Each structure stands twice: as structure tokens, then as C-alpha cells.
Amino acid sequence: MKSADRAKKLRDMSFDELERQQAEMNEQMFKLRFQWAMGQTESLKKMRELRKDRARMLTILGERESEK
């Protein structure tokens, strides 16, 4: 999926859905970093994608916060 499609998908979500998604992404990042540190995974690409998606989501959440 292209980054523009991901951003559009995130913009279509409600504020509560975005917050729930953010919590899930934070948990996934923690698990991936932990596995990376333990040498159990080689999924650097997945970590990068997740980090970028998380940044997109935080940007959208920030935009919505400033609209209030």
C-alpha cells in the first residue's frame, strides 16, 4: 500500500480509532525493538514502516487536536 493510501485511510478514521491504533502501534514497536535487541528478528523493514505509519498517525492526531 502506498503512503498516500495509508494517510487517506488514517484520515478516514475517527479520533477514538486513531488513539486505539496508536496504542497498538506503540505495543508493536516495543515488541519489535525488544526482539531486535535480543537478536530474534531481522525485520528492519517492518520496523521502519511501522515507525513511519506511527509518525503519520501522530501528525493527523495533532492536526485534529489543533482543530478543537
Side-chain angles (χ1 to χ4, degrees):
M1 186 182 320
K2 293 184 179 180
S3 62
D5 294 336
R6 289 180 181 157
K8 182 173 177 11
K9 181 180 167 187
L10 290 173
R11 289 187 191 282
D12 292 339
M13 290 182 175
S14 70
F15 188 77
D16 293 333
E17 289 174 326
L18 285 172
E19 287 185 330
R20 189 172 37 251
Q21 185 76 17
Q22 179 187 7
E24 289 176 16
M25 282 187 172
N26 287 339
E27 186 177 332
Q28 285 179 346
M29 276 299 291
F30 174 77
K31 289 178 181 178
L32 283 173
R33 281 194 312 258
F34 190 75
Q35 288 175 352
W36 183 263
M38 299 297 290
Q40 295 177 351
T41 187
E42 301 287 327
S43 62
L44 184 59
K45 182 178 178 182
K46 187 172 182 179
M47 287 175 58
R48 286 179 181 162
E49 283 184 12
L50 187 60
R51 190 171 60 226
K52 288 179 182 182
D53 286 343
R54 187 169 162 253
R56 282 185 196 99
M57 184 176 359
L58 290 174
T59 300
I60 292 168
L61 282 170
E63 290 172 354
R64 292 206 180 153
E65 282 288 325
S66 66
E67 289 176 357
K68 288 184 177 180

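Because the structure is a prediction, the values reported are computed rather than measured.
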Enumerate donor-acceptor pairs with a distance under 3.5 Å from any side-chain N or O in residues 53-65 to protein atoms, sequence neighbours excluded.
unit_1: D53; atom_1: OD1; unit_2: R56; atom_2: NH1; d: 2.6
unit_1: R54; atom_1: NE; unit_2: N26; atom_2: OD1; d: 2.6
unit_1: R54; atom_1: NH2; unit_2: N26; atom_2: OD1; d: 3.4
unit_1: T59; atom_1: OG1; unit_2: A55; atom_2: O; d: 2.9
unit_1: E63; atom_1: OE1; unit_2: R11; atom_2: NH1; d: 2.7
unit_1: R64; atom_1: NH1; unit_2: M13; atom_2: O; d: 2.6
unit_1: R64; atom_1: NH2; unit_2: R11; atom_2: O; d: 2.5
unit_1: R64; atom_1: NH2; unit_2: M13; atom_2: O; d: 3.1

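With sequence neighbours left out, K46 forms a salt bridge (charged side-chain N to carboxylate O under 4.0 Å, His left out) with no residue at all. Applying the salt bridge (charged side-chain N to carboxylate O under 4.0 Å, His left out) rule to E19 yields no partners; only residues at least two apart in sequence or on another chain are considered. For K8, the salt bridge (charged side-chain N to carboxylate O under 4.0 Å, His left out) criterion is met by D12, not counting sequence neighbours. For the side-chain contact (heavy atoms from CB on, under 4.5 Å) test, no residue two or more places apart in sequence or in another chain qualifies with S66. Scored by the salt bridge (charged side-chain N to carboxylate O under 4.0 Å, His left out) test, E24 finds no partners at all (sequence neighbours excluded).
In this structure, F34 shares a hydrophobic cluster with M38, the cluster being traced through Ile, Leu, Val, Met, Phe, Trp and Tyr side chains under 4.5 angstrom apart.
Grouping the Ile, Leu, Val, Met, Phe, Trp and Tyr side chains by contacts below 4.5 angstrom, directly or via other members, places F30 apart from M25.
Considering every non-hydrogen atom in both M47 and M29, the closest pair reads O-SD, 4.0 Å.
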